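Read the structure below first, then the notes.
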Protein chains: 2
Amino acid sequence: MDKSDTKQRLLDVAEKLFASNGYHCTSLRKVTAKAGVNLAAVSYHFGSKEALVEAIFERRLRPLNEERMGRLETVRAAAGAAGRKPTAEEALRAFIEPTLRFRDSAPGARYFLHLIGRALTEPDDAVRSIFFRMIGPVFALMFEVLCEARPNLSRNQVFWRLNFAIGAISRCTFLPEKLPVVPAGIEIELSADRQIDMLVDFLVAGMEAP
Amino acid sequence: MDKSDTKQRLLDVAEKLFASNGYHCTSLRKVTAKAGVNLAAVSYHFGSKEALVEAIFERRLRPLNEERMGRLETVRAAAGAAGRKPTAEEALRAFIEPTLRFRDSAPGARYFLHLIGRALTEPDDAVRSIFFRMIGPVFALMFEVLCEARPNLSRNQVFWRLNFAIGAISRCTFLPEKLPVVPAGIEIELSADRQIDMLVDFLVAGMEAP
DNA sequence: CCATAAGTCAAACGTTTGTTTTAATCGCAC
DNA sequence: GTGCGATTAAAACAAACGTTTGACTTATGG
């Protein structure tokens, strides 16, 4: 028997469609049609459309967040053991590298990244609160580590610079076709490592500005 | 006679609701009810919901874009007249200052800024294409000026750094209550000038990174 | 082989959506 | 005042939405 192959297919297809077309613009009928399952399967397996998108976030964001938290803790511990402050680059890499490497880690991961890039500005309160609840602890730890890395900055300044960095990072998680018109001769598709380098160069300089 | 007071009220109310709750989550019934006008007035005055949001963009974004274009041209001309390259700071300020000062320039401007902060990631193809069509020339000119300011960088690098900057700027155009959970003691509400300074410090450093 | 539970299916539910229709109302030149 | 175009009002439209229902099929343990 299937052992709920249906459930997996729903997660995969919904992730893709929610990412490409948005949560509200994607009806359950489109999702179930593309997945080749019955409309009622969403209610049966998840309970509601909102529970479906929550399951999508849960499946991908939980392990990703655990890795980011672990790396941030490691940065803090290593600096503490060496009797120094963590650096802004260490903190940024602890957040950015898992995020962009994750992009190529699974077939649908790219779509999921697009989804969280959009979740930051998601109009729907339910979806946004799901995301904020899951990202909250990572954001808070990141903030603290950055405050340690830049003790001369006010917490206000660190907070805003972190927000700027989040905004910059979110521009890397988009599907290429959703970007604004690009000038001729520009590479939209970058390897994760090149993208990471570009981001880190830019953000470390921004963080270390006086 | 009203001389289309209805039309203005629709623009104002729709701008606010689209910004706060998103384009798709805001029905014309909510808009017309809050504006105290009849539902059919949208069809009569604008033709459709999409034409309404386009009128909203047109009203605010056209003068804002003209100012940004003008300032970018000025930066370029001043540098040319002095026989030097424009600086990254000049280019960034030409874009950022009109944007954030605009926030306090009119009662509903703050809502509109929230709307364009969201338009970058808007799921709806129609809305996103309206926005991209209007912002395209500004983006292109900004890109060229930045290429002149950083001639040692590849166009690829400049393009991505400009994207990062756009992402960072968009984090400043949000309504406070839509931000992720903020640590205690953080000022969410900044004056336009303070916000500009923070942004420019951060982004100039990022742009000038090697 | 049967009983039970899990899973699937087509159909329908009640809302809400953007838009259209038809009639009534208003302001103003003539 | 009369007539006319511009505007508003109330009602209805078909389509799409998320969800629920109840019958049907399938797999599994005893």
Side-chain angles (χ1 to χ4, degrees), chain A residues 1-58 115 118-119 122-130, chain B residues 1-58 115 118-119 122-130:
Chain A
M1 123 173 193
D2 282 334
K3 197 60 180 176
S4 246
D5 174 52
T6 295
K7 204 167 172 177
Q8 287 303 316
R9 265 222 305 288
L10 276 175
L11 285 173
D12 291 339
V13 170
E15 176 176 70
K16 191 168 188 168
L17 291 182
F18 286 163
S20 299
N21 309 120
Y23 176 73
H24 267 97
C25 299
T26 304
S27 68
L28 292 183
R29 284 170 173 80
K30 289 180 199 162
V31 173
T32 52
K34 183 154 185 176
V37 307
N38 190 269
L39 173 61
V42 173
S43 277
Y44 180 78
H45 285 287
F46 299 95
S48 68
K49 185 182 184 182
E50 192 177 318
L52 169 61
V53 76
E54 178 155 10
I56 291 172
F57 274 98
E58 186 78 23
L115 194 56
R118 176 173 288 156
E122 178 64 48
D124 185 88
D125 285 333
V127 175
R128 209 180 58 250
S129 76
I130 289 172
Chain B
M1 124 171 192
D2 282 336
K3 199 57 184 178
S4 246
D5 176 52
T6 295
K7 205 167 172 178
Q8 287 303 317
R9 265 223 305 289
L10 275 176
L11 285 173
D12 291 337
V13 170
E15 175 176 71
K16 190 168 188 169
L17 291 182
F18 286 163
S20 300
N21 308 121
Y23 175 72
H24 267 97
C25 299
T26 304
S27 68
L28 292 182
R29 281 167 177 82
K30 288 182 200 163
V31 173
T32 52
K34 184 154 186 176
V37 308
N38 190 267
L39 173 61
V42 173
S43 277
Y44 179 78
H45 285 286
F46 299 95
S48 67
K49 186 182 183 182
E50 193 176 318
L52 169 60
V53 75
E54 179 155 9
I56 291 174
F57 275 97
E58 187 78 20
L115 195 57
R118 176 174 288 155
E122 176 64 51
D124 186 89
D125 286 334
V127 175
R128 209 179 59 250
S129 74
I130 290 172

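So that the names make sense, note that chain A is the first sequence line, chain B the second, and so on, each numbered from 1. Values below: all heavy atoms of this structure, side chains included; hydrogens, waters and symmetry mates excluded. A quick note: this is a predicted structure, and the numbers were derived from the prediction, not measured.
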Inset, instruction - Round to a whole Å and report the spacing from NZ of B/Lys7 to P of D/dA6. - result: 13 Å

Inset, instruction - Just compare D/dT8, C/dG18, C/dT17 and give me whichever is closest to any side-chain atom of B/His45. - result: D/dT8

Inset, instruction - Output yes when a side-chain donor or acceptor of A/Thr32 lies under 3.5 Å from a complementary backbone atom of A/Arg29, and no otherwise. - result: yes

Legend entry - Heavy-atom neighbours of B/Lys49 NZ exceed 12 at 6.0 Å: yes

Inset, instruction - Verify the contact: side-chain N or O of B/Ser27 to OP1 or OP2 of C/dT16, cut-off strictly under 4.0 Å; return yes or no. - result: no

Inset, instruction - Could you check whether B/Ala41 gets within reach of a base, just the sugar-phosphate, or nothing at all, counting any heavy atom under 4.0 Å? - result: nothing

Inset, instruction - For B/Thr32, report the nucleic acid contact type (base, sugar-phosphate, nothing); a contact means any heavy atom under 4.0 Å. - result: nothing

Inset, instruction - Quick one: pull up OG1 in A/Thr26 and CG in A/Asn21 and give me the separation to the nearest 0.5 Å. - result: 4.5 Å

Inset, instruction - Take the protein atom NE2 of B/His24 and the nucleotide atom C1' of D/dG18, then report the distance between them rounded to whole Å. - result: 16 Å

Legend entry - A/Thr6 side chain near C/dT8 phosphate (N/O to OP1/OP2, under 4.0 Å): yes

Inset, instruction - State, to 0.1 Å, how close A/Arg118 and A/Ala19 come at their nearest heavy-atom pair, and which atoms those are. - result: NH1-O, 2.8 Å

Inset, instruction - Select one nucleotide: of C/dT19, D/dC17, C/dA11, the one nearest the side-chain heavy atoms of A/Leu39. - result: C/dA11

Inset, instruction - Would you mind telling me which of A/Leu11, A/Thr6, A/Leu10 makes a side chain to side chain contact (heavy atoms under 4.5 Å, CB included) with A/Gln8? - result: A/Leu11

Legend entry - Nearest-Å distance for atom pair NZ/C1', residues B/Lys49 and D/dA15: 15 Å

Inset, instruction - Rounded to the nearest angstrom, tell me the gap between atom CG in B/Leu52 and atom C1' in C/dT17. - result: 15 Å

Inset, instruction - Check the distance between C/dT15's P and B/Leu28's CG and give it to me in whole angstrom. - result: 21 Å

Inset, instruction - For A/Asp124 and D/dG18, give me the distance from atom CG to atom P, rounded to whole Å. - result: 12 Å

Inset, instruction - Would you indicate what B/Ser43 reaches in the nucleic acid, counting non-hydrogen atoms under 4.0 angstrom: base, sugar-phosphate, or nothing? - result: base

Inset, instruction - Return no unless some side-chain N or O of B/Asn38 is found under 4.0 Å from OP1 or OP2 of D/dT7. - result: no

Legend entry - Toward the 5' end of DNA chain C, by each residue's nearest nucleotide, A/Tyr44 or A/Arg29: A/Tyr44

Inset, instruction - Please figure out whether A/Cys25 or A/Ala40 has its closest DNA chain D nucleotide nearer the 5' end. - result: A/Cys25

Legend entry - Along DNA chain C (nearest heavy atom to each residue), the more 5'-positioned of A/Val37 and B/Glu50: A/Val37

